[in-house]
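Right, one structure below, let's go through it.
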Amino acid sequence: MAGLPDSLSGQDVGSFAYLTIKDRIPQILTKVIDTLHRHKSEFFEKHGEKGMEAEKKAISLLSKLRNELQTDKPIVPLVEKFVDTDIWNQYLEYQQSLLNESDGKPRWFLSPWLFVECYMYRRIHEAIIQSPPIDDFDVFKESKDQNFFESQQSIIALCTYLQELMKTIEDLEDNQLKDEFFKVLQISLWGNKCDLSLSGGDTSSQKTNIISSLKDLKPFILVNDMEHLWSLLSNCKKTRERASITRVDIILDNSGFELITDLVLADFLLSSKLATEIHFYGKTIPWFVSDTTIHDFNWLIKQLKHSNHKWMSKCGVNWENHIKMGRWVYLDHMFWTLPHEFSAMSQVAPDLHAELQKAHLILFKGDLNYRKLTGDRKWEFTIPFHQALNGFHPAPLCSIRTLKAEVQVGLQPGQAEQLSASDPSWMTSGKYGIFQFDGPL
Ligand SMILES: O=P(O)(O)OC[C@H]1O[C@](O)(CO)[C@@H](O)[C@@H]1O
Ligand SMILES: [Mn+2]
C-alpha cells in the first residue's frame, strides 16, 4: 500500500534481518536436520524401513532448502497440498508483483524479512508433510520440552505465588488487586525473553525467580500502558451485568516457561473477575522454534497436573478444569502461520477477524506478533502505534513483547536516540519490553 515505510529486509547488510537470514536461520535448519538424524532409531522402531526412508527424504528436502537459502535462490512456490498452500502461493505472487523490475523474483536476501522467515518455517513443515509416515513429527518439540524442564524452579515459584495469591484474592482492595495485576502482567512480559529462535534454537530457559526481579526490570519497560489495561478491565468488571461476560483473547507466543506465565496471567484474570472468559490462540504447525501448538498446550498442562509439587499440580488441575468448564478456550487458525501482516486479516481471514472483534481486550504476546502488528516496517520511532497498525483495530489491543527485532513505534522524542547511545543492541537483545495499547480510552 502506498505511503507505508519499506519492510525490514536482508537487503540491508549488517541489519538484524540480514544477520538472521545469514546466520541464525541456517543454524536453525542445521539443528532441525540433526534432530531428525537423532530420531532415526525411533522412526525405525515405530515405522520400520518406511520410517528410515522418510527420515532420509525429509533430511534431503531440508538440505536443499538450506542450500537455496545460502545461495540466495528465488523463493519457489509450495508444492505439497495443504490447507494454506494456495494462500501462500498467492502471497508469493503478490511479492513478485511488488518487484516490478523485468526479471525480479522474490529472494531470501531481497524480499521482506517477515515473509522469508515465515516461509522458512513453512518449508520445514512442507519437508515433514512430504515425508510420511513421519509427517506428524514436530522437529522443535524436544527443545520446547527442554525449556519447560530447565525452568522448573521458576515454574514452581510462579505456581506457588499464584496459589498463595488465590487464598486472599477475594479480600483484596482495588489498589492491591491492581498491584497484583501489574505483577502478573510483568511476569508475562518477561516470560517472552525465553524464546528459542533468537538463540538459534539453543536453550533459553528461565533459571532465576522472575517475581523477585520485577522491580529491577521495571526501568527496561520502554512503553508502559498497563494503566490502560487496568482501567479497561476494572471498568468492565464494575459495569458488567450478572450474566454477561468479559472476554480477553490472548494470542500466544512461546511454549515452555512463557506459556506458564501467560496461563498464570489468564488464571489471575478469572480469579480477580477482571475477565470471565479467556480465548487462547496457538499455532497449527511448529513455528519459530518455540511457538505453542495445541500439543504443547495440552502437554504442559498435563505435566503440571502430574507433577509431584503440590502447587504445580494444583495449577494443572485448576487449568484443566477451566478448559473443561469452557472458561478457557483454545483455538487455532491457519492465519497465524501465514506471512501476512495483521492489517490484512480482515481480507485474508475475515472469520478470525470477526471472532477477535468479540473480545473486550486482545493481548498479543511476543516479538513476532509485534512485527505482524506493525507490518515489520522501518517506521520512525515516534510514529503512533495506532498509525503503524494500519487499520487493524478489531478490539482494544495490547502488545506485550520484549524487543527482538528492529521495529519499534510509539516512543517519546529522543528516547530511541538515547537508548542507541547507551545500549546499541536495545532493539534486538530481548532486554527491553513494552506494554503498548491501542483502543478507545
Ligand atoms: O518468540 P518471539 O518473541 O515472537 O520472537 C521471535 C523472534 O525471534 C526471531 O526469530 C529472531 O530471529 C525474530 O525474528 C522473531 O521476531
Ligand atoms: Mn515465538
Side-chain angles (χ1 to χ4, degrees), residues 144 148 155 158-163 165-167 169-170 177 180-181 183-185 187-189 191-192 229 232-234 236-237 240 243-284 287 290-307 311-333 335-336 351-352 354-366 369 394-398 400:
K144 288 184 271 196
F148 172 84
I155 295 175
L158 277 187
C159 293
T160 308
Y161 173 77
L162 181 69
Q163 294 308 325
L165 181 59
M166 294 298 179
K167 291 182 191 159
I169 199 157
E170 306 253 310
L177 197 65
E180 294 298 343
F181 177 49
K183 264 194 209 162
V184 289
L185 278 172
I187 288 168
S188 166
L189 169 64
N192 181 243
L229 301 183
L232 190 149
L233 292 180
S234 58
C236 284
K237 182 177 170 180
R240 191 165 58 222
S244 66
I245 60 157
T246 301
R247 191 179 113 188
V248 174
D249 287 13
I250 305 182
I251 319 303
L252 295 171
D253 185 7
N254 304 308
S255 183
F257 183 71
E258 180 172 357
L259 180 55
I260 297 274
T261 66
D262 297 335
L263 299 182
V264 166
L265 169 63
D267 198 353
F268 175 87
L269 289 172
L270 291 187
S271 320
S272 61
K273 303 197 170 62
L274 288 169
T276 60
E277 198 175 308
I278 312 289
H279 285 194
F280 299 101
Y281 294 86
K283 307 291 197 289
T284 42
W287 201 244
S290 35
D291 286 14
T292 306
T293 65
I294 182 68
H295 305 293
D296 302 322
F297 188 85
N298 290 336
W299 179 88
L300 179 131
I301 294 180
K302 219 188 203 154
Q303 287 296 315
L304 292 186
K305 194 178 151 192
H306 297 303
S307 157
W311 299 129
M312 258 174 95
S313 78
K314 180 93 170 76
C315 282
V317 170
N318 288 353
W319 295 352
E320 200 180 64
N321 213 22
H322 288 329
I323 298 167
K324 270 192 201 130
M325 305 305 290
R327 293 187 290 263
W328 279 9
V329 183
Y330 180 98
L331 300 150
D332 45 28
H333 194 287
F335 181 79
W336 305 116
D351 55 332
L352 177 64
E355 193 51 43
L356 292 182
Q357 283 179 316
K358 296 183 207 153
H360 293 83
L361 173 66
I362 314 170
L363 302 176
F364 287 90
K365 283 300 312 282
N369 277 328
L397 62 86
C398 183
I400 303 180

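In this text, all values refer to a predicted model and were calculated from it rather than measured experimentally.
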**OP:** Would you check, one step at a time, whether the test side chain to side chain contact (heavy atoms under 4.5 Å, CB included) holds for Cys315 with Leu162?
**Re:** CA-CA 8 Å; Cys315 282; Leu162 181 69; 4.0 Å; yes
Subject >> Sequence-distant partners of Asp249, salt bridge (charged side-chain N to carboxylate O under 4.0 Å, His left out), two or more places apart >> reply: Arg247
Original post:
Do Ser244 side-chain atoms and Arg240 backbone N/O form a donor-acceptor pair below 3.5 Å?
Top reply: no
Subject >> Leu259 CG to Ser290 OG distance, which is reported to the nearest 0.5 Å >> reply: 11.0 Å
**OP:** Would you please say whether a donor-acceptor pair under 3.5 Å links the side chains of Asn192 and Asp253?
**Re:** yes
Original post:
Is there side-chain contact between Glu355 and His279, with at least one heavy-atom pair below 4.5 Å?
Top reply: yes
**OP:** Take the angle between the ring planes of Phe280 and Phe297 and call it parallel below 30°, perpendicular above 60°, tilted in between.
**Re:** tilted
Original post:
Between atom CG of Leu265 and atom OG of Ser272, what is the distance when rounded to the nearest 0.5 Å?
Top reply: 9.0 Å
Subject >> With sequence neighbours excluded, residues passing side-chain hydrogen bond (donor to acceptor under 3.5 Å, both in side chains) with His360 >> reply: none
Subject >> Minimum heavy-atom distance between Ser188 and Lys365, given as atom pair plus value >> reply: O-NZ, 2.8 Å
Subject >> Over all atoms of both residues, closest heavy-atom pair of Leu304 and Gly316 >> reply: CB-CA, 3.7 Å
Original post:
Got a sec, which residues hit salt bridge (charged side-chain N to carboxylate O under 4.0 Å, His left out) with Lys314, two or more places apart in sequence or on another chain?
Top reply: none
**OP:** Could you grab the distance from atom OG1 of Thr261 to atom CZ of Phe257, nearest 0.5 Å is fine?
**Re:** 6.0 Å
Subject >> Step-by-step side chain to side chain contact (heavy atoms under 4.5 Å, CB included) determination, Leu269 to Phe181 >> reply: CA-CA 8 Å; Leu269 289 172; Phe181 177 49; 3.7 Å; yes
Original post:
What's the shortest heavy-atom distance between Ile294 and Tyr330, and which atoms?
Top reply: N-OH, 3.0 Å
Original post:
What are the two closest heavy atoms between Leu177 and Ile169, and how far apart are they?
Top reply: CD1-CG1, 3.9 Å
Original post:
Which of these, Thr293, Asp291, Thr292, sits in a side-chain contact (heavy atoms from CB on, under 4.5 Å) with Ser255?
Top reply: Thr292
Subject >> salt_bridge(Glu170, Lys273) N-O dist < 4.0 Å >> reply: yes
Original post:
If you measure only the distance, is there a donor-acceptor pair under 3.5 Å linking the side chains of Thr246 and Lys237?
Top reply: no
Original post:
So do the side chains of Leu233 and Val248 get within less than 4.5 Å of each other, counting heavy atoms only?
Top reply: yes
Original post:
Stepwise, does the side chain to side chain contact (heavy atoms under 4.5 Å, CB included) test hold for Leu356 with Ile251?
Top reply: CA-CA 10 Å; Leu356 292 182; Ile251 319 303; 4.2 Å; yes
Subject >> Close side-chain approach of Lys144 and Trp299, heavy atoms under 4.5 Å >> reply: no
**OP:** Grab the two heavy atoms, one from Trp336 and one from Trp287, that are nearest each other, plus how far apart they are.
**Re:** O-NE1, 3.9 Å
Original post:
If you take all heavy atoms of Ile362 and Ala395, which pair is closest and at what distance?
Top reply: CD1-CB, 3.9 Å
Original post:
NE2 of His322: more than 12 outside heavy atoms within 6.0 angstrom?
Top reply: yes
